[in-house]
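See below for the structure under consideration.
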Amino acid sequence: MSTVIRLLSLVISGIVAAIPGVASAQSGSRVPIDWASVKLESIGEGLLPTAEYRGKVVLVVNTASLCGFTDQYTGLEALWGRYKDKGFVLLGVPSNDFGGQEPGTKAEIKSFCESTFDVTFPLADKQVVTGERAHPLYKWIAAQAGPLGAPKWNFHKYLVGRDGNLIDWYSAMTGPGATAIDDAIRKALAAPGA
């Protein structure tokens, strides 16, 4: 029964996300993120340089290696390649929160992403992205996106502007090659920084 509820939730969030303007950040209280305070361990070694994300456009994506949407890594890597030299950061955040689809260790996840999809964009170590135990970045995302925008499955995407505000969110049903995502990134890159 819980699988049916999860799938129904995914379908509903996909439909809602497809309606123009509904997917936009709508929590009512816009609080920019302070990237310098975000501490995320890299899937490689050490902390990710999140303080350097200030003034950049950041797409945050919770990922999973065994998900039906895992092939989105290819499109994410294409976005990264297209915009990384223009003030864009793509941040992958592996999570085992949905269907136990990211059970591997840090080394296994890193190896899978690099060898299967040639991933070069920054990847964090595996994190909890939902509920009370969620990483502070995802608690901020949930507060900004509201109940409809909180992650419902793997490959949920969050676009953060140069000013640190959440611009929009996209369910797993909206792949990284979607015109809506590309257009939003280009528009955000053209906006003034923080």
Side-chain angles (χ1 to χ4, degrees), residues 1-30 33 57-80 82-83 88-102 109 113 117 119 121-124 126-161 165-188:
M1 177 88 158
S2 66
T3 302
V4 171
I5 292 171
R6 275 190 249 155
L7 288 174
L8 183 58
S9 174
L10 181 62
V11 169
I12 290 170
S13 60
I15 291 168
V16 169
I19 301 170
V22 175
S24 297
Q26 298 180 11
S27 72
S29 65
R30 291 177 58 90
I33 191 152
V57 174
V58 181
L59 184 67
V60 181
V61 185
N62 56 289
T63 62
S65 299
L66 303 178
C67 180
F69 294 107
T70 301
D71 64 348
Q72 288 191 16
Y73 272 125
T74 301
L76 293 171
E77 184 64 27
L79 281 177
W80 172 243
R82 191 163 44 251
Y83 296 117
F88 175 72
V89 174
L90 198 149
L91 175 60
V93 182
S95 176
N96 199 39
D97 287 12
F98 304 106
Q101 296 180 346
E102 190 61 276
I109 297 166
C113 290
F117 293 101
V119 168
F121 58 82
L123 286 169
K126 188 164 42 174
Q127 300 294 326
V128 173
V129 300
T130 61
E132 289 299 314
R133 293 182 38 240
H135 185 277
L137 171 60
Y138 272 87
K139 285 184 178 182
W140 174 83
I141 284 171
Q144 298 306 298
L148 284 177
K152 305 285 187 291
W153 199 251
N154 306 306
F155 291 90
H156 212 103
K157 300 154 198 76
Y158 299 92
L159 185 62
V160 180
N165 283 303
L166 181 66
I167 294 172
D168 214 340
W169 58 266
Y170 308 90
S171 75
M173 301 296 283
T174 304
T179 302
I181 293 178
D182 198 72
D183 288 349
I185 290 170
R186 283 189 289 107
K187 183 178 177 183

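Computed from a predicted structure; not experimentally measured. Computation of the quantities below employed the complete heavy-atom set of this structure, encompassing side-chain atoms and omitting hydrogens, waters and symmetry-equivalent molecules.
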>> Working to the nearest 0.5 angstrom, can you tell me the gap between Q144 CD and I167 CD1?
In response: 12.5 Å
> Roughly how far, to the nearest 0.5 Å, is CG of L76 from CG of L91?
Replying inline: 11.0 Å
>> Checking Y73 now: which residues fulfil ring pair (Phe, Tyr, Trp, His ring centres under 6.0 Å) with it, not counting sequence neighbours?
In response: F117, F155
>> Checking Y138 now: which residues fulfil ring pair (Phe, Tyr, Trp, His ring centres under 6.0 Å) with it, not counting sequence neighbours?
In response: none
If you define the side chain from C-beta out and look only at heavy atoms, does anything of [X] sit under 4.5 Å from [Y]?
| X | Y | answer |
| --- | --- | --- |
| W140 | L166 | yes |
| S95 | E102 | no |
| N154 | F98 | yes |
| S171 | K152 | no |
| L137 | Y158 | no |

Which pair of non-hydrogen atoms, one from [X] and one from [Y], has the smallest distance, and what is that distance?
| X | Y | value |
| --- | --- | --- |
| A150 | A145 | N-CB, 4.3 Å |
| P94 | A124 | CD-O, 3.1 Å |
| A64 | T70 | O-OG1, 2.7 Å |

>> Once side chain to side chain donor-acceptor pair (under 3.5 Å) is applied, do any residues pair with W80, and if so which ones, sequence neighbours excluded?
In response: T120
> Would I181 and L159 count as a side-chain contact (heavy atoms from CB on, under 4.5 Å) if you check the C-alpha gap in whole Å, the side-chain angles of each, and the deciding distance to 0.1 Å?
Replying inline: CA-CA 9 Å; I181 293 178; L159 185 62; over 6 Å; no
> Between F121 and L79, is a side-chain contact (heavy atoms from CB on, under 4.5 Å) present by the stated rule, with each step listed?
Replying inline: CA-CA 10 Å; F121 58 82; L79 281 177; over 6 Å; no
>> My understanding is that only one of Y170, F69, W169 makes a side chain to side chain contact (heavy atoms under 4.5 Å, CB included) with H156; could you say which?
In response: W169
>> Quick check on side chain to side chain contact (heavy atoms under 4.5 Å, CB included): which of N96, V93, T63 does K126 satisfy it with?
In response: N96
Name the atoms and distances for all side-chain donor-acceptor pairs under 3.5 Å in residues 127-134, with sequence neighbours left out.
from, atom 1, to, atom 2, distance (Å)
Q127, NE2, D125, O, 3.3
T130, OG1, D97, OD2, 3.1

> Which pairs, with at least one residue in residues 170-183 and sequence neighbours excluded, count as a salt bridge (charged side-chain N to carboxylate O under 4.0 Å, His left out)?
Replying inline: R82-D182, D182-R186, D183-R186
